[in-house]
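To start, the structure itself, in structure tokens.
Below, chains carry the letters A, B, ... as their sequence lines are ordered, and counting in each starts from 1.
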Amino acid sequence: MQNHYDFEKFEKKWQKDWDDKTLYKAKNKDEKDNYYVLEMFPYPSGKLHMGHVRVYSIGDVIARFKRMEGFNVLHPMGWDAFGLPAENAAIKHGNIHPREWTWENIESMKEQMKAMGLSYDWDREVATADPDYYKWTQWFFIKMYENDLAYKKEQPVNWCPSCDTVLANEQVVNNRCERCDTLVEQKELEQWFLKITEYADELLEGHEELDWPERVKTMQKNWIGRSEGMSINFPVQEIDKELEVFTTRPDTIYGATYMVLSPEHPYVDELITDKENEDEIRDFINRVKNQEDMERTSPETEKEGIYTGSYATNPMTGEEIPILIANYVLMEYGTGAIMAVPAHDQRDFDFAKKYDLPIKAVIQPHDKKEKLDGSNMKEAYSEDGYLINSEKYNGLNVEEAFDKFANVMEEKNIGKRETNYRLRDWLISRQRYWGAPIPIVYCDQCGTVPVDEEDLPVLLPDDVEFSATGISPLAKAEDFVNTKCPKCGGDAKREIDTMDTFVDSSWYFLRYMDSNNQKLPFSNESAQDWFPVDQYIGGIEHAILHLLYARFFTKVIRDLDLLDEGEPFTKWLAQGMVLKDGDKMSKSKGNVVDPSRILDEYGADTARLFILFASPPEKDLEWSEAGVEGANRFLNRVWRFIAENIDDIKDVDVSKINLAQSNLNEDEKELHRKLHETIQKVTEDVSERLNFNTAISAIMELVNELYSYLVDNKKQLNEELLAFVTEKTLLMLAPFAPHMTEELWHKIGHKSSIHRADWPEFEEEAAKKDEITIVIQINGKVRDRVDVDANISEDALKEKVFKQDKVQKYTEDKEVAKTIVIPKKLVNIVVK
RNA sequence: GCCGAAGUGGCGGAACUGGCAGACGCGCCGGAUUCAAAAUCCGGUGGGGUCAGACUCGUAUGGGUUCGAAUCCCAUCUUCGGCACCA
């Protein structure tokens with residue numbers, strides 16, 4: 001056996017062998033316990049990047065570990081195959097169809113994944129751009145339409161001029177397109193929406209049962225932005241209408257001294273009763289409307305407003321209060337109108353100061369003697385307190401007042417309790433080609449009609465000109481557009497927009513369970529077997545987008561009675577980024593490390609081992625070529641150990657060895673002990689904590705221990721022990737370095753795959769120490785150590801400790817105030 | 001501005017529940033092997049101090065709780081992430 005590890009000699013061989021033996025096939029209804037581990041599927045860009053290598057390595061270790069633990073594991077992979085890059089490539093190069101481009105990329109990425117030795121069940125592979133798949137995406141859309149969860153509506157929407165399509169709110173980051181970073185514009189368009197807001201509360205409540213990073217739950221919580229308050233109607237005599245406002249502070253209504261409308265508010269026109277200044281008012285409105293969104297919605301922008309000339313009546317006080325229009329009120333949130341309480345809201349306060357509007361304090365801080373006075377306040381007071389200047393309600397505290405006012409106003413029909421959300425419905429129409437067509441037909445007779453289920457999928461036509469013009473390329477595909485109405489059979493036209501690709505990825509984890517089902521997206525039985533996903537792994541950048549949509553879809557699908565559970569991902573590990581020189585790898589920075597080079601140069605096992613060893617999975621990882629070499633060196637060290645001792649290790653039937661009953665000498669005992677200590681640590685690190693870096697370092701320690709044992713006992717090796725420990729070490733290393741361990745496993749005499757072998761069992765008895773080292777502290781400082789019997793009594797331990805020379809020295813002429821004994825660890829003597 | 005996470009050797013990181021700070025790896029230094037080198041093996045490696053030890057300082061900074069703090073509490077600084085005129 002050569003004593004140098006040469007990955008090129010066997011990585012491909014084993015990959016083919018595993019494939020041939022369908023080693024990683026997951027069977028539905030296995031007698032074993034089922035476990036579903038899933039990594040977020042990639043967009044088929046054509047090449048794996050380091051982030052992919054990281055996330056798939058993590059998933060693969062979990063999958064392999066769980067299999068060795070005896071679980072029937074579902075570990076699938078697929079392709080988020082619809083999307084703009086394919087279409088843009090077609091536009092740019094002209095001679096390649098997005099379909100071709102996509103499938104070629106899938107092929108090359110799949111090849112790279114196979115070269116990594118990932119243990120997927122490829123029989124379950126899905127691609128969202130496959131008609132077999134998007135048929136069901138369309139089917140879900142129709143189900144939602146039938147259940148009033150999909151609707152078409154005209155409203156101002158986010159438009160990305162570079163992508164030539166609309167975007168969902170979630171896809172706009174700081175007013176820029178999430179994909180291409182272009183400034184987003186507003187357009188008034190009629191578009192399809194999914195009613196995610198219907199599930200807002202459930203999406204919030206569901207967090208409680210999820211084992212997800214807390215910060216991610218918080219991000220989603222902030223995004224949904226639930227706030228409880230009241231809608232209150234303020235009558236306006238001039239126009240004989242009521243202005244509805246939303247407020248979270250009905251308790252401050254006695255302090256509402258004016259009202260403010262958004263310039264976009266529908267009543268604005270009628271309310272301009274100050275005809276003298278009408279031109280000035282209209283100029284102002286137009287100016288604000290034309291303000292860049294970024295500027296308009298920034299808290300730094302100075303608040304500006306103008307009087308309308310109209311007055312509203314405060315329904316609680318009966319006071320007439322002026323109505324203004326201002327740039328700081330947004331039409332998108334609440335009702336587009338607010339009651340301004342300058343004494344207790346900083347924004348209203350700033351505005352009131354500028355325009356000299358009255359400030360009336362109605363909440364008095366509990367801990368202040370002198371009464372708050374609106375005329376001399378320096379800033380708004382928005383903390384807790386009790387009511388003043390509120391007639392018969394004076395003295396109530398804020399919380400009581402909220403309830404009291406809510407009851408009174410509901411009784412009098414002035415207002416009602418209401419909950420508002422920041423979350424908007426999900427805009428899913430896209431004016432682009434490479435996506436799933438929205439399965440809707442427009443008929444002059446019957447109106448909007450969903451396509452019949454039997455007629456799904458609505459196939460994406462091939463022969464289309466892809467140029468991005470702001471209107472879906474499908475508009476020009478006449479064979480596609482012109483169709484018959486499913487209801488009346490008359491001439492009709494198809495919807496030409498396609499669906500947001502986030503719709504495709506909102507249910508792919510369900511299709512894996514039953515990916516060849518022709519009758520349903522998945523069967524109920526398969527869901528019983530596998531759902532929900534036990535462990536999901538993917539990038540934090542999807543914390544809001546994909547993970548919120550997928551949770552929403554799951555809840556809808558549950559309500560269609562296809563699932564019992566409403567949460568798709570029980571556990572989620574958000575893996576960190578791979579950095580180079582402290583920066584995210586990117587072409588523009590020129591710091592990209594190509595995984596295929598690493599795979600060619602060092603092999604898959606080294607690449608996997610390094611990336612898992614360098615950092616805990618949820619933290620960012622700094623790429624280091626020296627670190628890769630270190631990982632390679634370690635694998636070599638394991639290889640060489642076996643190569644050099646192959647005669648002692650080979651063909652020993654480890655299952656027949658009972659080390660507990662054999663008489664081991666001290667060194668042997670120590671090695672055996674270390675083995676079991678390692679088994680315990682690695683098992684826990686991999687299964688509970690998902691800290692692969694410390695699991696690997698524990699295996700490294702064990703290998704170091706094996707080498708020291710060899711050096712110290714050259715003359716008299718215990719071959720049985722050596723074979724035993726070596727074999728268990730290989731088993732623990734198998735999920736991390738699947739190829740090399742498989743090769744070595746066969747070299748030491750096994751005939752079947754190491755990946756079908758059992759995970760080593762931890763024996764508590766073997767891991768126990770006979771002697772332990774106790775740390776001796778004097779006044780909290782470590783002064784000495786003493787080796788004692790592990791089962792020593794507290795009194796005997798104390799006695800022994802006080803006999804130590806060092807302890808004598810430090811306690812001489814001093815009074816021992818206290819002695820603290822921490823069993824098996826430490827004794828702290830406090831002296832004065 | 002608000003919310004959240006983090007800050008430990010030259011570097012990546014470990015210390016899981018308050019109990020030996022720096023496991024493991026990288027790098028560096030020394031030794032063995034070699035004609036020599038690479039590779040490999042063995043040993044050392046936080047700072048100060050010393051022949052060596054004793055000792056001493058040390059987990060962003062300042063304070064606190066405790067017999068004992070990287071870990072808990074308060075304040076400050078820095079970095080990263082999210083939200084941001086949300087009524």
Side-chain angles (χ1 to χ4, degrees), chain A residues 3-4 173-174 213-223 225-227 229 245-249 252 260 262 296-303 326-330 332-341 345-348 350-351 420-422 540-541 543-544 609-610 613-616 618-631 633-634 636-637 640 644 681 684-685 688-689 691 693-701 703-704 707-708 710-711 773-785 806 809 817-831:
Chain A
N3 74 342
H4 180 75
V173 179
N174 286 329
E214 214 46 51
R215 62 184 172 134
V216 173
K217 292 196 216 174
T218 310
M219 278 163 75
Q220 290 201 349
K221 200 177 146 199
N222 290 342
W223 186 261
R226 181 190 157 102
S227 53
V245 304
F246 174 75
T247 177
T248 53
R249 296 293 303 274
T252 63
V260 193
S262 156
R296 168 88 184 275
T297 57
S298 160
E300 271 94 60
T301 303
E302 180 151 17
K303 292 167 185 39
N327 60 348
Y328 76 99
V329 175
L330 309 171
E332 301 93 78
Y333 187 80
T335 60
I338 61 162
M339 63 175 211
V341 185
D345 181 291
Q346 193 57 43
R347 292 158 299 175
D348 298 342
D350 296 342
F351 189 77
N420 236 304
Y421 301 90
R422 214 188 75 101
I540 186 96
E541 67 274 17
I544 293 171
L609 193 77
F610 165 71
F613 177 64
S615 176
E618 70 280 2
K619 284 222 231 158
D620 287 348
L621 177 154
E622 175 67 29
W623 182 265
S624 148
E625 207 78 14
V628 178
E629 273 164 30
R633 203 171 306 163
F634 169 68
N636 249 310
R637 203 165 141 81
R640 202 177 323 105
E644 282 168 4
K681 167 124 185 97
E684 196 189 311
D685 281 356
E688 309 293 327
R689 308 203 313 153
N691 276 6
N693 54 333
T694 50
I696 293 167
S697 74
I699 300 173
M700 285 172 169
E701 281 184 61
V703 172
N704 290 345
Y707 269 92
S708 339
L710 211 60
V711 169
T773 304
I774 299 289
V775 168
I776 303 174
Q777 294 186 332
I778 312 286
N779 288 342
K781 282 197 161 69
V782 180
R783 296 298 182 187
D784 206 359
R785 298 181 171 81
K806 280 272 186 71
K809 190 184 124 194
K818 214 188 218 179
T819 306
I820 291 135
V821 178
I822 308 296
K824 306 208 179 216
K825 279 195 173 142
L826 142 162
V827 175
N828 187 12
I829 301 163
V830 186
V831 297

Taking the side chain of A/Met700 as heavy atoms from C-beta outward, which of B/C55, B/C24, B/A15 is closest to it? B/C24
Can you check the distance between B/G1 and B/C72, where both ends of the measurement are the C1' atom (answer in whole Å)? 29 Å
By nearest-heavy-atom nucleotide on RNA chain B, the more 5' of A/Lys825 and A/Gly334 is A/Lys825
Distance between the C1' atoms of B/G13 and B/A37, in whole angstroms? 33 Å
Assuming nearest nucleotide by heavy-atom distance, tell me which of A/Ala614 and A/Arg785 is located more 5' along RNA chain B. A/Ala614
Nucleotide N/O to protein N/O under 3.5 Å, stretch nucleotides 63-67 of chain B:
{"unit_1": "B/C67", "atom_1": "OP1", "unit_2": "A/Lys818", "atom_2": "NZ", "d": "3.3"}
{"unit_1": "B/C67", "atom_1": "O2'", "unit_2": "A/Asn828", "atom_2": "ND2", "d": "3.4"}
{"unit_1": "B/C67", "atom_1": "O2", "unit_2": "A/Asn828", "atom_2": "ND2", "d": "2.5"}

Of the options B/G13, B/G4, B/A87, whose atoms approach the side-chain atoms of A/Ser227 most closely? B/A87
Over all strands shown, is A/Glu332 touching base, sugar-phosphate only, or nothing at heavy-atom distances under 4.0 angstrom? nothing
Looking at every strand, decide which applies to A/Val329 at a 4.0 Å heavy-atom threshold: base, sugar-phosphate, or nothing. base
Classify A/Ser624 by what it touches in the nucleic acid, base, sugar-phosphate, or nothing, heavy-atom distance under 4.0 Å. nothing
What distance, rounded to whole Å, do you find between the two P atoms, one in B/A60 and one in B/U50? 29 Å
Summarise protein proximity over nucleotides 36-48 of chain B in one line of letters, 5' to 3': B for base, S for sugar-phosphate only, - for none, counting protein heavy atoms closer than 4.0 Å. ----SSS------
Please tell me if A/Asn327 has a side-chain N or O lying less than 4.0 Å from either OP1 or OP2 of B/C85. no
What base-paired stems does RNA chain B take part in, with at least 3 consecutive Watson-Crick or G-U wobble pairs and both distances under 3.5 Å? B:1-7 with B:77-83, B:10-12 with B:24-26, B:27-32 with B:40-45, B:46-48 with B:55-57, B:60-64 with B:72-76
Would you classify A/Pro213 as touching base, sugar-phosphate or nothing, given that sugar-phosphate means primed atoms plus P, OP1 and OP2, and contacts are heavy atoms under 4.0 Å? nothing
Please answer whether the main-chain N or O of A/Phe351 pairs with a side-chain N or O of A/Tyr328 as donor and acceptor at a distance below 3.5 Å. no
What nucleic acid atoms does A/Gly225 come within less than 4.0 Å of, heavy atoms only: base, sugar-phosphate, or nothing? nothing
Only counting residues at least two apart or in another chain, list the ones meeting ring-ring contact (aromatic ring centres under 6.0 Å, His included) with A/Phe634. none
Distance between C1' atoms of B/G18 and B/G64 (Å, rounded): 15 Å
Determine whether a donor-acceptor pair (N or O, by modelled atom type, separation under 3.5 Å) exists between the side chain of A/Asn691 and the backbone of A/Thr694. no
Could you pull out all residues at least two apart from A/Ala337 that satisfy side chain to side chain contact (heavy atoms under 4.5 Å, CB included)? A/Val245, A/Leu261, A/His265, A/Thr335
Which is true for A/Lys806 with a 4.0 Å heavy-atom rule: it touches a base, it touches only sugar-phosphate, or it touches nothing? nothing
Taking 4.0 Å as the cut-off, does a side-chain nitrogen or oxygen of A/Arg226 come that near to OP1 or OP2 on B/C86? no
Where does B/G47 land, syn or anti, given syn is within 90° of 0? anti
Heavy-atom donor-acceptor pair, A/Asn327 side chain to A/Glu302 backbone, under 3.5 Å: yes
Should A/Thr773 be listed as having a side-chain N or O under 4.0 Å from OP1 or OP2 of B/C20? no
Given B/C85, B/G12, B/A23, identify the nucleotide with an atom nearest to the side chain of A/Arg347. B/C85
Could you check which of B/G82, B/C57, B/A87 has an atom nearest any side-chain atom of A/Met219? B/G82
For the side chain of A/Asn420 and the backbone of A/Ser227, is there at least one donor-acceptor N/O pair under 3.5 Å apart? no
Under 3.5 Å, side chain of A/Asn779 to main-chain N/O of A/Val831, donor-acceptor pair present? yes
With sequence neighbours left out, what residues match A/Ala698 under side chain to side chain contact (heavy atoms under 4.5 Å, CB included)? A/Thr678, A/Lys681, A/Val682
What nucleic acid atoms does A/Leu330 come within less than 4.0 Å of, heavy atoms only: base, sugar-phosphate, or nothing? base
Sticking with atom P, work out how far B/C26 lies from B/G63, rounded to a whole angstrom. 39 Å
